[in-house]
Structures are given as C-alpha cells and as structure tokens.
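Below is one structure, written out as structure tokens; comments come after it.
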Protein chains: 2
Amino acid sequence: MSQHRHPGAPGRAGAVPTLPDLPEATVARLPEYLRALHNLADAGHETVSSEGLSAAAGVNSAKLRKDLSHLGSYGTRGVGYDVALLIEQIEYVLGLTQRRAVALVGVGNLGHALAGYDGFASRGFRIAALLDADPSRVGEEINGLVVRHVDDLPTVAAEESLAIGVIATPAAAAQQVADQLVAVGVTSILNFAPCVLSVPEGVDVRKVDLAIELQILSFHEHRKASLTALPATGGTAFTALPGGFAATDTQEAIGT
Amino acid sequence: MSQHRHPGAPGRAGAVPTLPDLPEATVARLPEYLRALHNLADAGHETVSSEGLSAAAGVNSAKLRKDLSHLGSYGTRGVGYDVALLIEQIEYVLGLTQRRAVALVGVGNLGHALAGYDGFASRGFRIAALLDADPSRVGEEINGLVVRHVDDLPTVAAEESLAIGVIATPAAAAQQVADQLVAVGVTSILNFAPCVLSVPEGVDVRKVDLAIELQILSFHEHRKASLTALPATGGTAFTALPGGFAATDTQEAIGT
DNA sequence: AGGCGCTTGTGAAGACGTGCACAAATCGCG
DNA sequence: CGCGATTTGTGCACGTCTTCACAAGCGCCT
C-alpha cells in the first residue's frame with residue numbers, strides 16, 4: 001500500500017479533519033451505502049464486494065467504487081471491503097459520529113408523524129425539541145417530548161447546540177421560521193413546506209416536497225401513456241395494446 | 001423562430017400528444033415552476049419575466065428559460081411569459097390535466113400523515129384508497145376514507161385505474177407491497193420505506209428518505225465545522241453574527 | 001415609421017457525473 | 001514460490017446539465 005493519506009482517520013480524529021470535498025452526487029449516495037452496509041453487518045457479513053454492495057444499494061458497481069475511492073476508502077483487491085470499517089468511514093465523513101440535535105418546527109399533520117418517526121433516532125439524530133406557533137398545541141406531549149412555543153427557540157438553542165432544523169409548517173409560515181432558525185445559529189434546514197426559502201450564505205437548505213415527487217411520477221405516467229399510443233418513431237400510429245400492458249419495458253430508474 | 005409546432009396543444013389535445021422528451025433535470029424543476037406560477041396567478045400577475053419567475057422558483061434565470069424552451073413554451077420577447085398559459089402548458093406536460101388516482105399503502109405513523117395531507121388533493125392527485133396489511137387497522141376511517149386490506153388491491157384496481165402507488169410501510173414489507181402494486185398494473189411508485197425496491201422495467205420508482213436527507217445535511221454541517229476550524233483562505237474564522245443576520249440572501253440550493 | 005429598451009430563446013463552452021474497460025493488487029492453492 | 005482467480009481503483013470517453021453571452025424579436029414612445 002502506498003501512502004494513502006487516509007483522510008478522516010475514523011479510528012482517531014486527531015486534529016486533522018481533512019474532509020475531502022466529495023462530489024455532491026457522491027454525498028447523496030453515501031447514506032444509501034451506509035444503510036445497505038448496516039443491513040449486511042446485521043446479516044453477519046464481514047466483507048462485501050463492490051458488486052454486492054452496489055446491488056444492495058441499487059447502483060452501478062463502478063459508480064460505487066468511484067464514490068468510495070473519493071473518500072480514500074480501504075478496500076482490499078481480490079477480497080472486497082471490510083463492512084465494519086467502511087461503516088466507520090462513512091459515518092465519520094457524514095459527521096454521524098456525534099448524534100446531532102434536530103429541532104422540529106411545526107407539529108401539525110406531517111410534523112406529528114415526523115416526531116414519531118423512529119428513523120430519526122436509529123440513524124444518528126435526536127429530536128431535541130418540538131416547536132409550534134399555535135399556542136393550543138404548546139404543552140402537548142408527543143413521543144415523550146413536550147411541544148414548546150416557537151418563540152422559545154433562543155432558549156432551546158441555549159440549552160443545547162442545535163445542528164439541524166426541520167420545518168414542517170404550512171408554506172406561509174416557513175420563511176419566518178427559517179429566519180428564526182438561522183437567527184439562533186442553525187445552519188442546516190430540511191424544509192417540508194412547499195415554498196422556496198431564502199437564507200444567508202452558508203446555510204444549507206434541502207427541500208422535500210411530496211407533491212413534486214408525485215408530479216414527476218405523473219409526467220412519466222403521461223409519457224408512458226403517450227408512448228404506448230404512438231409506439232415508434234417510424235409510422236404505425238397505433239398499437240392499441242388492448243387489455244394487457246404486458247412487457248412495455250423500456251429502461252427506467254429515474255435520476256435523483 | 002420558425003414553426004413552433006407547439007408540442008402538447010394544451011388547448012385541445014387533439015390526437016398528437018407529441019410529448020417532447022424533456023431532460024430529467026428539467027422535469028424535476030417543472031413542478032417548482034408550476035407552484036411559483038400558481039402563487040403569481042393568485043397574486044394577480046398576468047405575465048412574468050424569466051427573471052421574476054426564476055427568483056420565485058429559486059433557480060437561475062437562464063436555466064429557467066432553457067427549461068421552458070424545451071417544452072416549446074410561449075414567451076413574448078420584451079414582455080415575458082403569460083402566467084395562465086404557462087400553467088396550462090406545464091400542467092399538460094406533467095399530465096396533470098387528469099386527476100390521477102393514488103393508492104397509499106401503509107397507514108402507520110407516516111402513512112397516516114400522508115393520508116391527511118391536503119397537498120395531494122390541491123396539486124392534482126386524489127387518494128383513491130388507503131391500504132394496510134395489519135387487520136387491526138382495516139376498517140379505520142381516515143379523512144373520509146376507510147382503510148382496506150392490502151390484499152384487496154386487485155379489487156381496488158378494478159374499481160378505478162390506479163396510476164401511482166405510495167409505499168409508507170416498514171422497510172421489511174416494502175418489496176412485497178411493491179410487487180403487489182406492480183401486479184395490479186401500477187407503473188409509478190413513490191417509496192418512503194428506507195430500502196431499495198426492485199421492479200420490472202417500465203416501472204418508475206422514486207424514493208423519499210428522511211434520514212438520508214438529514215445525513216446529507218449532516219455532512220455539510222461536518223464540513224462547515226471543519227472549515228471554520230481551519231479558516232483557510234478567508235481569514236476571519238468567526239463572524240459571530242450576534243442577533244441579526246441581515247439580508248445576505250443567496251439561497252444555497254443543494255443539488256438534488 | 002423608426003428607434004430604443006427590454007426580454008426571450010439558444011449556441012457554445014465548460015463543469016459535472018457516469019460507465020467502460022483494464023492495470024494493479026491481493027489471496028489462496030498447488 | 002509462482003500462478004491464476006478475483007476484485008479494487010482509475011484513466012478515458014461520453015453524455016448530461018449549467019451558465020454565459022448575445023442575436024432575434026417585441027412593444028412602446030416619439
């Protein structure tokens with residue numbers, strides 16, 4: 001092995017957090033790899049090949065290898081990757097070695113569900129506070145946490161360092177909540193409200209919008225429908241495809 | 001420009017559904033434009049410039065223009081885009097002229113919230129059925145819909161043509177549900193379960209995973225933290241930003 | 001009518017992401 | 001010890017997406 005100045009030294013984070021700046025696309029896939037790796041570990045595998053892991057994560061094996069190579073990963077040629085080590089590596093890079101505190105704002109329909117979602121806890125996060133602007137909701141207990149008023153954010157932030165804010169309010173309130181989050185030092189926001197947030201530089205926003213996902217699927221439905229109507233480029237306007245839909249197969253897998 | 005054989009003829013879908021095959025990246029943004037356009041329409045605007053619309057949708061104006069140009073859009077130079085017309089265009093392309101029926105499988109924590117989410121109805125979709133595998137949940141009424149057993153899927157599909165299936169079950173059940181959905185002819189699936197689904201060609205799957213989003217944010221947090229540790233080029237490691245944070249608005253917008 | 005300012009639509013260049021295909025490395029076995 | 005089977009890591013070519021910059025078109029004003 002040459003020098004391989006392995007970047008993050010998960011074994012011991014001495015004082016050189018040389019985070020390689022990964023391509024954004026790679027970052028977006030790492031969590032998927034991580035989940036697949038945990039599954040493999042639970043199933044008792046100690047090593048896994050790029051082929052095996054990529055299948056479990058639903059990607060191309062070359063892509064997987066390139067992704068892992070970006071974080072200076074340790075695989076052994078002829079053998080594969082050490083599952084436990086790789087988990088450690090990825091968790092380190094993703095900053096999951098510390099359990100980050102999440103503030104959830106908006107305990108309505110969706111927020112309520114998120115508050116009860118166990119995927120938070122099981123994947124490296126801890127809901128530190130539930131907040132809502134509606135006084136009638138304040139005081140309600142959900143999943144062991146008491147809902148506080150959103151104006152208490154400064155207090156909450158003083159109690160513990162909030163890393164991430166989740167906005168699950170109606171669109172109309174989202175921008176104001178975002179401002180409040182930013183004001184108390186939150187620099188990462190996950191926004192479920194269907195609107196664009198404007199935040200200062202240095203603050204990351206990711207958006208999840210249910211309706212958008214559905215509309216994208218709708219487009220592909222529409223497309224598939226119109227394709228079965230006019231099958232090919234050439235002539236032959238109709239194929240009818242009566243009852244069955246059979247094997248209309250064309251490739252798929254929508255890019256993220 | 002020459003003929004502008006405008007693609008979808010939203011006015012009248014005569015018999016030529018010449019869906020242009022849009023770049024996937026464009027498709028993913030169209031819903032955002034659509035939402036922004038609806039806001040503008042509600043605010044009374046009749047036309048909007050690419051600059052204005054792109055700001056409302058949180059993208060670059062050149063990108064917006066190129067996106068719209070792909071669907072053979074109608075803007076007027078020197079004026080802008082006709083809001084109502086553009087809405088019609090985009091809705092047509094996305095296949096939203098018909099209200100698509102959605103089957104929601106898994107009425108647990110998250111599924112319950114989704115069932116009550118009004119963004120479904122308001123943005124072109126209709127929940128046609130709630131399904132669950134747990135017999136103790138069958139019969140429960142949510143938001144005016146009665147939960148049926150997932151094995152009734154064939155019956156449900158016979159009653160009305162299901163376009164899209166939403167999976168909100170635990171990961172362990174997701175693949176089986178997906179198989180069942182595919183078996184009754186569903187060709188688009190929105191998967192909230194944290195696992196990879198394998199489906200036949202021709203079936204589109206989109207995945208939404210809360211924990212993944214958080215982990216991506218976590219990476220950027222980690223990164224920002226390690227950058228402030230080694231201030232590097234800029235200098236001034238700390239800006240403190242006491243109370244105020246001013247209006248530095250440049251949104252971040254992480255690539256999807 | 002003509003000119004001027006504004007805005008769209010797009011060519012071209014560059015950045016980014018993907019996938020192939022293969023050399024380099026490692027293990028196990030005879 | 002050497003060889004073959006296996007699997008990683010990566011150079012390269014290709015396709016997609018983004019962004020700039022500007023010509024073409026449109027409306028308005030004089």
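We use all heavy atoms of the structure for the numbers below, so side chains are in, but hydrogens, waters and symmetry mates are not. Sequence lines set the chain letters: A, B, ... in the order given, protein chains first and strands last, and positions in each chain run from 1. Just so you know, these numbers come straight off a predicted model, no measurement behind them.
- Taking atom CG of B/Leu85 as the reference point, atom C1' of C/dT8 lies 15 Å away to the nearest angstrom.
- Scanning atom types as modelled, one donor and one acceptor separated by under 3.5 angstrom connect the side chain of A/Arg77 and the base of D/dT8.
- Regarding contacts with the backbone of C/dT8, every side-chain N or O of B/Thr76 stays at 4.0 angstrom or more from both OP1 and OP2.
- Between the side chains of A/Thr187 and B/Glu221, a donor-acceptor pair is found at a separation under 3.5 Å.
- Rounded to the nearest 0.5 angstrom, B/Leu197 CG and B/Asn191 CG are separated by 4.0 Å.
- To the nearest angstrom, P of C/dT7 lies 16 Å from CG of B/Leu86.
- Checking each of A/Ile167, A/Leu114, A/Thr169 against A/Phe192 for a side chain to side chain contact (heavy atoms under 4.5 Å, CB included) leaves exactly one that passes, namely A/Leu114.
- Counting to the nearest Å, the C1' atom of D/dC17 and the CZ atom of B/Arg29 are 8 Å from each other.
- Of the candidates C/dA21, D/dC20, D/dG11, the closest approach to any side-chain atom of B/Ala62 belongs to D/dC20.
- The shortest distance between the side-chain N/O atoms of B/Arg65 and the OP1/OP2 oxygens of D/dA24 is not below 4.0 Å.
- Of the inter-residue distances, the one linking A/Arg35 atom CZ with A/Ile90 atom CD1 reads 12.0 Å to the nearest 0.5 angstrom.
- Considering only the side chain of B/Glu24, D/dC17 comes nearest among C/dT18, D/dC17, C/dA21.
- One donor-acceptor pair, N or O on each side, does fall under 3.5 Å between the base of D/dT19 and the side chain of B/Lys66.
- Note: CG (A/Leu64) to P (C/dT18) measures 12 Å, nearest angstrom.
- We find that CD of B/Glu51 is positioned 14 Å from P of C/dG9, with the value rounded to whole Å.
- When rounded to the nearest whole Å, the span between CG of B/Leu53 and P of C/dG9 equals 12 Å.
- With rounding to the nearest 0.5 angstrom, the OG1 atom of A/Thr47 is 7.5 Å from the CG atom of A/Asp82.
- Residues A/Lys63 and A/Val79 both approach DNA chain C. Their nearest nucleotides, taken by heavy-atom distance, put A/Lys63 toward the 5′ side.
- Atom OH in B/Tyr74 sits roughly 15 Å away from atom P in D/dG25 (whole-Å rounding).
- Here A/Asn60 reaches the OP1 or OP2 of C/dG19: one of its side-chain N or O atoms lies under 4.0 Å away.
- Taking 4.0 angstrom as the limit, A/Tyr81 places a side-chain polar atom (N or O) nearer than this to OP1 or OP2 of D/dG9.
- Regarding A/His70, its NE2 atom lies at a distance of 14 Å from the P atom of C/dG19, rounded to whole Å.
- Mapping B/Ser49 and A/Asp67 onto DNA chain C via the closest heavy atom, the residue that lands nearer the 5' end is B/Ser49.
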